[in-house]
Amino acid sequence: MLHFTKYSLQLLINHPEKGRRSYRQIFLSTVSKTSLNNNCSEIVSANTGFSISIYNVTSRNIYLRWSKFSGAFSYRITATPRNTVGHSLLAHFSDVPVIGILTSLTPNTVHTVKVEAIDKNGIILAEAQTKQLTAPEIPVIDQAYSKLSNSITVEWAAVPGATSYLLTAQDGESSIETIVINSPGTVTGLKANTLYKITIRSINAGGRSLPSPSKKAKTGPHAPSDVQVAFDSGTLRAIVSWIPTEGTLNYSVTASSGASKLNCSTSSTSCPLSSLQCGSEYSVYVVASNGAGSSKPTDAVSLKTVPCAPGSITIEEDNPGKLSVSWSNVDLGDYYVVFVKSDDGLEVHCNTSHTQCHFQSDCGFTYFISVFAYNKAGQSPLGDIFNYTTSPCCPSDFYPVFVSSDTVEIVWSPVRGAEMYETKAVDGVGVVLCHDTATICILTALQCNTQYNITVYSYSEIRGTNTSCVSKYVATAPCSPEIKNISQDDLSIISVHWQANNDDAIYTVTARGEVGLWHCTSSGNSCSITGLPCGSVFSISAVAITTAGQSLPSYNVPLETAPCCPNDLTVTQVMQSITNISWSFGAGAKTYITILESPKGPAKCHTLQNHCLLGCITCGTNYTVSLKVISETGLASDCTYQDYSSSACCPSGVKLYRLGNNGIRIYWHASAGLISTDLYGSKGNFTCTPPSGLSYCDVTEIPCGDVYTVVVSPVPEKGSKLPFCPKKIYSVTCSGSSVGMVIYRGKRSAE
């Protein structure tokens with residue numbers, strides 16, 4: 001290996017080339033101390049004895065020397081790559097040095113190196129040349145790491161032309177080198193828990209590259225000492241402990257038994273091993289590690305575990321109230337303990353060196369049974385827990401909470417061990433069953449007014465039905481009555497008849513309507529309901545009641561009472577022969593028939609409304625007024641009201657005559673009663689009432705030249721004048737200032 005002290009000087013020298021002056025940058029290096037144990041060659045010129053020798057080669061540098069030539073003023077050195085694209089490198093040296101370095105060469109390339117001795121005039125006095133392969137490129141370390149406490153592994157990317165690589169590990173006091181062929185490579189023989197600086201050089205036939213940039217890596221720690229194992233038989237776990245070693249970040253514990261291996265890892269000085277197998281012997285060892293690598297395993301420590309849990313466990317109920325538990329022998333078992341725990345929390349146990357134990361039991365309990373084996377290491381792990389369930393207990397406090405004609409609802413308190421209950425009802429003819437997990441059962445489709453023998457049995461899936469349970473007698477409610485007939489004795493009274501089909505039953509009949517409820521009660525087969533309102537619809541039903549309960553109601557029978565008469569009725573004469581009758585609506589009424597009756601004949605109107613116009617009315621006649629209200633179904637009520645008298649007849653044959661100079665006489669055919677005459681004109685209105693019995697009336701001082709409307713109507717004893725008598729129109733002309741001709745212009749009906 002070449003060791004030297006290098007001094008670098010950057011120079012600018014004048015170099016003539018083909019008549020032109022150029023400057024090149026060269027590096028002048030002098031080597032004060034060399035060791036030629038690596039790639040050294042010497043070439044001597046045959047003519048002059050001028051020689052060149054190469055004593056060291058790197059990736060980009062060639063270290064060379066030449067013999068001093070007499071008369072040389074300077075030396076020119078060129079390096080030309082062969083068989084590759086590249087420029088020649090040129091360097092000038094004065095006549096003083098005989099040693100130099102060619103730099104910036106191409107790695108892994110054969111160069112022709114030539115030295116020329118030149119005098120002051122630039123004449124070449126002598127030359128010598130040689131061929132030299134540069135070393136490969138400097139490798140780059142990707143990573144360096146330690147897997148063990150005495151070695152470091154290095155990984156790098158291969159460089160072209162390298163035939164091998166030189167790995168160097170330095171710790172500040174010493175260094176170790178190893179030549180390897182390719183990546184990864186390992187440097188061995190290192191000290192534990194020590195930080196090393198790692199470099200790499202590439203090597204070919206020409207030489208070695210310079211060292212790569214260094215990577216730091218630390219070797220793994222020493223193995224721990226004094227390994228101890230503490231076994232916990234209850235959890236099948238072991239705590240492994242040791243004395244720590246310097247520089248350790250993590251410890252790995254391995255326990256192996258045949259093909260089985262258990263591991264744990266920790267940064268402390270102890271680590272638990274769980275899931276150990278019962279009845280096994282383990283070899284336990286510890287490895288220390290840090291970020292650099294791992295130590296050698298410690299000497300193995302032996303660990304023996306507890307026996308396994310017994311198997312082939314059988315449970316039998318020899319006699320009611322007695323359980324027998326048996327099992328098979330296990331290896332390494334010195335004695336056995338059987339634990340029996342009931343589902344109410346009570347626990348008993350049996351300690352024996354045999355393989356059988358006996359226990360007391362009760363009905364409706366589930367017993368959980370486990371068997372353990374013991375040796376010096378402790379108790380075996382928990383094996384299978386077996387359970388045994390005895391027959392469920394019988395419900396004894398069941399009672400009916402609801403009874404109807406065809407249904408009985410039974411409830412009871414839950415009993416031990418029962419997963420389901422079966423309720424059976426027997427009446428000597430048939431059987432009704434009910435299955436449920438709840439403590440309630442509804443027995444349906446029963447016969448009304450019947451006594452049943454009812455039993456509640458408990459059931460469990462494992463033990464089946466307990467058939468020793470006691471029974472009770474329960475009677476169903478009475479049968480529903482059947483309404484045979486409803487008769488209406490009066491507008492507000494009905495009688496209901498039914499078929500009495502129960503013994504010692506009380507029957508209640510209910511009339512239900514929108515306006516309320518009405519009842520009647522009887523122990524026979526009929527009763528009467530009074531006070532029913534008119535114009536209402538009712539639903540009639542009956543129920544039977546005994547000490548067992550109440551029957552379902554009978555089928556409803558609809559009932560409709562006759563519609564109500566309107567509270568008021570008004571008769572108004574709108575024309576001499578037409579009368580309007582109006583009334584308020586009556587409850588339950590759909591249609592109305594109004595009748596006015598007199599010796600001269602009736603007038604009738606049938607309507608859906610609450611008013612009606614009656615024609616063909618005779619004036620001055622007394623009428624009897626009646627109203628018939630009819631429901632939708634045809635029920636009718638006859639309503640009578642105060643009699644009505646039609647108005648007096650309007651006078652006929654009304655005429656107007658001239659009377660004197662300024663008077664007018666109004667004439668009509670004779671008419672009974674008091675008569676009133678009225679004249680209406682634009683120049684004034686005039687009225688006259690003649691004495692009773694007269695058929696004319698005079699109006700004096702009436703203006704002429706006007707058209708008058710003349711109305712002659714009877715005057716009622718009470719009330720105003722009749723508005724419907726005919727009106728006649730007359731034109732009264734003037735003869736000078738006196739009344740002239742009286743001309744009839746026509747007649748119109750009352751407005």
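Within the model, atoms NE2 of H435 and OG1 of T465 stand 7.0 Å from one another, a figure rounded to the nearest 0.5 Å. Atom CG of L276 is separated from atom CG of L303 by 6.0 Å, given to the nearest 0.5 angstrom. Going from atom CD1 of I540 over to atom CG of L559 covers 5.0 Å, rounded to the nearest 0.5 Å. Here the CD atom belonging to Q228 is positioned 12.0 Å from the CH2 atom belonging to W242, to the nearest 0.5 angstrom. With rounding to the nearest 0.5 angstrom, the CD1 atom of I239 is 6.5 Å from the OG atom of S270. Remark: I138 CD1 to S202 OG distance equals 7.5 Å, nearest 0.5 Å.
Side-chain contact between V284 and V253: present, with at least one pair of heavy atoms (C-beta onward) separated by less than 4.5 Å. A 4.5 Å side-chain heavy-atom check between P395 and Y421 finds at least one atom pair inside the cut-off. Within the 4.5 Å cutoff, the side chain of Q451 has heavy atoms near those of the Y473 side chain. The shortest side-chain heavy-atom distance between F359 and I315 does not fall under the 4.5 Å cut-off. Side-chain contact between V140 and W156 is absent, with no heavy atoms from C-beta onward closer than 4.5 Å. Using a 4.5 Å heavy-atom threshold, the side chains of I454 and F398 count as touching. With a 4.5 Å cut-off on side-chain heavy atoms, S391 and C363 do not count as touching. Side-chain contact between V159 and Y165 is present, with heavy atoms from C-beta onward closer than 4.5 Å.
Scanning both residues, W327 and P310, for their nearest heavy atoms gives CD1-CB, 3.9 Å. S214 and T199 get closest at one heavy-atom pair: CB-CG2, 3.7 Å. Nearest heavy-atom pair, V306 versus S380, reported as atom, atom and distance to 0.1 Å: CG2-CA, 3.9 Å. Of all the heavy atoms in Y336 and V330, the pair that sits closest is OH-N, 3.2 Å. Counting all heavy atoms, side chain and backbone alike, A544 lies closest to P481 at N-CD, 3.9 Å. In this structure, T248 and S289 approach most closely via the heavy-atom pair CG2-O, 3.4 Å.
Checked by atom type and distance alone, the side chain of T390 pairs as donor or acceptor with a backbone atom of G364 at under 3.5 Å. T298 places a side-chain N or O within 3.5 Å of a backbone atom of V286 that can act as its donor or acceptor partner. The closest donor-acceptor contact from the side chain of T219 to the backbone of N193 lies under 3.5 Å. Side-chain atoms of S183 do not come within 3.5 Å of backbone N or O of A157 as any donor-acceptor pair. R237 places no side-chain N or O within 3.5 Å of a backbone atom of P272 that could act as its donor or acceptor partner. A side-chain donor-acceptor contact under 3.5 Å links T476 to the backbone of N449. Proximity of a side-chain donor or acceptor of S257 to a complementary backbone N or O of E281 within less than 3.5 Å is detected. At least one donor-acceptor pair under 3.5 Å links the side chain of N501 to the backbone N or O of S480. Looking at T245, its side chain does come within 3.5 Å of a backbone N or O of H222 through a donor-acceptor pair. The closest donor-acceptor contact from the side chain of E419 to the backbone of E461 lies under 3.5 Å.
Heavy-atom neighbours of H354 NE2 from other residues, nucleotides or ligands within 6.0 Å: at or below the threshold of 12. The number of heavy-atom neighbours closer than 6.0 Å to CD of E514, taken from other residues, nucleotides and ligands shown, is 12 or below. When the shell of 6.0 Å around OH of Y555 is examined, it contains 12 or fewer heavy atoms from other residues, nucleotides or ligands. The number of heavy atoms from other shown groups lying within 6.0 Å of CZ (R416) is above 12. For H349, the NE2 atom is loosely surrounded, since the number of other residues' heavy atoms within 6.0 Å does not exceed 12. Open room surrounds CG on D331; 12 or fewer heavy atoms of other groups in view lie less than 6.0 Å from it. Other residues, nucleotides and ligands contribute more than 12 heavy atoms inside 6.0 Å of the CG atom of N556. Residue K472 places its NZ atom among more than 12 non-hydrogen atoms of other residues, nucleotides or ligands, all under 6.0 Å distant.
Under 3.5 Å, the side chains of E155 and Y145 contain a donor-acceptor pair of N or O atoms. Side-chain N/O atoms of S326 and T314 include a donor and acceptor closer than 3.5 Å. A donor and an acceptor atom, one from each side chain of N250 and S265, are located under 3.5 Å apart. Using modelled atom types and a 3.5 Å distance limit, the side chains of N525 and Y507 yield no donor-acceptor pair. Using modelled atom types, one finds no donor on one side chain facing an acceptor on the other under 3.5 Å when comparing T188 with S151. Side-chain contact annotation: T186 with T153, donor-acceptor N/O pair under 3.5 Å present. T266 and S268 share a donor-acceptor pair across their side chains, judged by distance under 3.5 Å alone.
Judged as a side chain to side chain donor-acceptor pair (under 3.5 Å), and not counting sequence neighbours, S353 has no contacts.
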Side chain to side chain contact (heavy atoms under 4.5 Å, CB included) assessment of L166 paired with E177: CA-CA 7 Å; L166 177 65; E177 294 182 338; 3.8 Å; yes
Chi angles and distances behind the side-chain hydrogen bond (donor to acceptor under 3.5 Å, both in side chains) call for Q277, T305: CA-CA 7 Å; Q277 298 298 317; T305 62; over 6 Å; no
Derivation and outcome, side chain to side chain contact (heavy atoms under 4.5 Å, CB included), residues V411 and Y399: CA-CA 6 Å; V411 297; Y399 56 94; 3.5 Å; yes
Worked check of side-chain hydrogen bond (donor to acceptor under 3.5 Å, both in side chains) between N387 and T366: CA-CA 6 Å; N387 63 73; T366 297; 6.0 Å; no
Y388 and Y367: CA distance, side-chain angles, deciding distance, ring-ring contact (aromatic ring centres under 6.0 Å, His included) verdict: CA-CA 5 Å; Y388 186 88; Y367 294 93; 7.9 Å; no
Check against side chain to side chain contact (heavy atoms under 4.5 Å, CB included), C527 and W498: CA-CA 9 Å; C527 68; W498 61 87; 3.8 Å; yes
Trace of the side-chain hydrogen bond (donor to acceptor under 3.5 Å, both in side chains) decision for Q356 with S324: CA-CA 7 Å; Q356 190 178 50; S324 174; 3.2 Å; yes
Verdict with reasoning, C394 to N466, per side chain to side chain contact (heavy atoms under 4.5 Å, CB included): CA-CA 7 Å; C394 288; N466 189 338; 3.7 Å; yes
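None of T168, V180, I176 except one satisfies the side-chain contact (heavy atoms from CB on, under 4.5 Å) rule with V187; the exception is I176.
Using cut-offs of 30° and 60° for the angle between ring planes, the Y335 and Y374 rings count as parallel.
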